[in-house]
Amino acid sequence: MNINNENKIFGFGIIGTGAIASIHAKAIQAIPNAKLVGAYNKTYSKAVSFAGEFQCGAFENLDDLLNLPELDVVCICTASGAHEEPALKAIAAGKHCLIEKPLEVTLEKCDRIIEAAREGQVKLGVIFPSRFYPESKKLKSAIDAGRFGELAIGSAYVKRSRTPEYYTSAAWRGTWELDGGGALMNQAIHAVDMLQWCMGPVESVQALAGNFRHKEIEVEDTVVAILKFRNGALGTLECSTALYPGFLKKLEITGTDASVVMEDSTLSVWEFRQPDEEEPGRNPAAENAPNGGVADPMAIGFFGHQKQIEDFIEAVALDKKPLIDGEEGRKSVEIIRAIYESAQTRKVVELPRS
């Protein structure tokens, strides 16, 4: 199905008008059969400013936005630990929900959202744009085809630089309640999702955490973790917002027959015991991302968001699961909560089998 040929225009609303909301708005505007119809923020003046920039309605009352008959999908872009309330309201209003990562900051909140969407018979999706890069799809296809042989080690590195002003720019940043954690929950969650998507379910984790630069925040700015996957493979995760100058995020997937390294949205290593003729192509996302958010969280493009929103529209139109539904979005939160538990207890933490 080519969603661009559909006659229906899908109406989108955005709840929360911070920096990431602008990425959603740009992505929506780039899709021919999508239209941004309104935005809501608890601070009405911010909604007005956002609406002026992106040519949509501004709403002082959330119910007024949710009652719009032309509204089909709500993008929730509030603070991470404030996703549940607007999600439940949107679901109760019969609107499909696409929630910026993470789904929520606790598994209990995640489960309430998932159950509400199931009962309300609306689509629920969680934003993880890295899965939608052409290179990511190529990597996953090679894994699924068995070209790696036996998967051995999966590693992810998210070594970023964030200034103290980043954490003081909003009261929720750097708090357990509304940020849900530090470098791991906020910056590295994309890498956690990619690791479990490529390597399979996580069996156990062992981790250490520290705070090296941002000592004024409640949460960590650095985490190192060892992962064991249920298929027997091992993994490592290193993430930080304390480092200078910061580096592109890196994913390494290795096996007995292949090794692939992805730096941000570019495949820098593509080595197989049985090579194929097709060479990895250039990713359009790379052209839209000046430095992948290494030191500036907004130095990213909207390519991945656009592709994920297109996938979500198709799921709504065809009444099927989006690539990343609520259950998929929950997986990264479960792994991260286990890593935090391990860092606090200094013990190996086993993840439950679903």
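Residue indices begin at 1 and follow the sequence shown.
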Kindly determine whether S240 and T222 satisfy side-chain hydrogen bond (donor to acceptor under 3.5 Å, both in side chains), including the steps that lead there. CA-CA 4 Å; S240 182; T222 303; 2.9 Å; yes

Could you walk me through whether V260 and V269 satisfy the side-chain contact (heavy atoms from CB on, under 4.5 Å) test, starting with their C-alpha distance in whole Å, then the side-chain angles of each, then the deciding distance to 0.1 Å, before giving a yes or no? CA-CA 5 Å; V260 169; V269 175; 5.9 Å; no

Going through the distances and angles, do S342 and R346 end up as a side-chain hydrogen bond (donor to acceptor under 3.5 Å, both in side chains)? CA-CA 5 Å; S342 177; R346 302 295 179 94; over 6 Å; no

Is there a side-chain contact (heavy atoms from CB on, under 4.5 Å) between Y157 and L237 once you walk through the steps? CA-CA 6 Å; Y157 309 94; L237 173 67; over 6 Å; no

Check the pair E310, H305 against side-chain hydrogen bond (donor to acceptor under 3.5 Å, both in side chains), reporting the backbone distance first and the verdict last. CA-CA 9 Å; E310 290 175 351; H305 280 75; over 6 Å; no

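For the pair L139 and C198, the minimum side-chain heavy-atom distance is below 4.5 Å. In this structure, the side chains of N186 and V219 stay at 4.5 Å or more apart for every pair of heavy atoms. Side-chain contact between I114 and E327 is present, with at least one heavy-atom pair separated by less than 4.5 Å. A heavy-atom distance below 4.5 Å is found between the side chains of I143 and I253. Side-chain contact check for P322 versus Q308: every heavy-atom pair is 4.5 Å or farther apart. Looking at L65 and N61, their side chains never come closer than 4.5 Å, going by heavy atoms from C-beta outward. In this structure, the side chains of E177 and V105 stay at 4.5 Å or more apart for every pair of heavy atoms. Residues V223 and L208 fail the side-chain proximity criterion, which asks for heavy atoms closer than 4.5 Å.
The shortest non-hydrogen separation linking S161 to P245 is CB-O, 3.5 Å. Of all heavy-atom pairs spanning Q196 and R131, the tightest one is NE2-NH2, 3.3 Å. The minimum heavy-atom distance linking A34 with I9 is given by the pair C-CG2, 4.2 Å. L184 approaches V192 most closely through the heavy-atom pair CD1-CG2, 4.1 Å. Of all heavy-atom pairs spanning C97 and F312, the tightest one is O-CZ, 3.5 Å. For A30 against Q306, the heavy-atom pair with the smallest separation is CB-OE1, 3.5 Å.
No donor-acceptor pair closer than 3.5 Å links the side chain of H24 to the backbone N or O of I14. Side chain of E220 to main chain of G182: a donor-acceptor pair is present (N/O by atom type, distance under 3.5 Å, no hydrogens or angles). In this structure, D179 contributes its side chain and R173 its backbone to no donor-acceptor pair below 3.5 Å. At least one donor-acceptor pair closer than 3.5 Å links the side chain of S141 to the backbone N or O of K137. With hydrogens and angles ignored, the 3.5 Å screen pairs no side-chain donor or acceptor of H96 with any backbone N or O of V316. With D193 contributing its side chain and S332 its backbone, the two residues share no donor-acceptor pair below 3.5 Å. Proximity of a side-chain donor or acceptor of D221 to a complementary backbone N or O of F212 within less than 3.5 Å is detected. A donor-acceptor pair under 3.5 Å is formed between the side chain of S169 and the backbone N or O of Y166. D72 contributes a side-chain N or O that, together with a main-chain N or O of G11, makes up a donor-acceptor pair within less than 3.5 Å. In terms of modelled atom types and a separation under 3.5 Å, the side chain of H214 and the main chain of T241 share a donor-acceptor contact.
A side-chain hydrogen bond (donor to acceptor under 3.5 Å, both in side chains) with S130 is found for exactly one of K249, H190, E135, namely K249.
Figure legend: R337 and Y340 shown without cation-pi pairing, the cationic atom not lying both under 6.0 angstrom from the six-membered ring centre and within 45 degrees of its axis. In this structure, R160 forms no cation-pi arrangement with F247, as its terminal cationic atom is not both closer than 6.0 Å to the ring centre and no more than 45° off the ring axis.
Summarising the geometry, atom CD1 belonging to I189 is positioned 4.0 Å from atom CD1 belonging to I336; distances are rounded to the nearest 0.5 Å. Taking OG of S136 as the reference point, atom CE of M262 lies at 3.5 Å (rounded to 0.5 Å). Annotation: the span from I309 atom CD1 to I23 atom CD1 amounts to 10.5 Å, rounded to 0.5 Å. Atom NZ of K46 is separated from atom CG of N41 by 6.0 Å, given to the nearest 0.5 angstrom. Atom CZ of F54 is separated from atom OG of S22 by 5.0 Å, given to the nearest 0.5 angstrom. From Q187, atom CD reaches atom SG of C239 across 8.5 Å, with rounding to the nearest 0.5 Å.
Using a 4.5 Å cut-off between side-chain heavy atoms of Ile, Leu, Val, Met, Phe, Trp and Tyr, with links allowed through other members, L351 and L195 fall into the same hydrophobic cluster. One hydrophobic cluster, built from ILVMFWY side chains closer than 4.5 Å, holds both L323 and I76. Criterion: ILVMFWY side-chain heavy atoms under 4.5 Å apart, direct or through other members. Under it, L71 and V122 are part of a common hydrophobic cluster. M199 is connected to F272 through a chain of hydrophobic side-chain contacts under 4.5 Å among Ile, Leu, Val, Met, Phe, Trp and Tyr, so both are in one cluster.
Sorted by first then second residue, the salt bridge (Lys or Arg N to Asp or Glu O under 4.0 Å) pairs that include residues 77-94, not counting sequence neighbours, are E84-R112, E85-K89.
Counting heavy atoms of neighbouring residues, nucleotides and ligands inside a 6.0 Å radius, atom CD of E271 does not exceed 12 of them. Residue E350 places its CD atom among more than 12 non-hydrogen atoms of other residues, nucleotides or ligands, all under 6.0 Å distant. Heavy atoms of other residues, nucleotides or ligands lying less than 6.0 angstrom from CD of Q121 number 12 at most.
Salt-bridge annotation for K321 and E328: absent, with no side-chain N of the basic residue lying under 4.0 Å from a carboxylate O of the acidic one. Ion pairing between D311 and K307 fails under the 4.0 Å rule for side-chain N and carboxylate O. Between E334 and R330 there is a salt bridge, with a side-chain nitrogen of the basic residue lying less than 4.0 Å from a carboxylate oxygen of the acidic one. At a threshold of 4.0 Å, the pair K159-E238 counts as salt-bridged, since one of the basic side-chain nitrogens sits closer than that to a carboxylate oxygen. A salt bridge links K228 to E203: one of the charged nitrogens lies within less than 4.0 Å of a carboxylate oxygen. Using a cut-off of 4.0 Å between Lys/Arg side-chain N and Asp/Glu carboxylate O, K123 and D319 are scored as salt-bridged.
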What pairs of donor and acceptor atoms, side-chain ones from residues 146-155 against any protein atom, are under 3.5 angstrom apart with sequence neighbours left out?
{"from": "R147", "atom 1": "NH1", "to": "D276", "atom 2": "OD2", "distance (Å)": "3.4"}
{"from": "R147", "atom 1": "NH2", "to": "Q274", "atom 2": "O", "distance (Å)": "2.7"}
{"from": "S155", "atom 1": "OG", "to": "T236", "atom 2": "OG1", "distance (Å)": "2.7"}

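Outside the 6.0 Å centre-distance limit, the rings of Y167 and W172 are not counted as a close aromatic pair.
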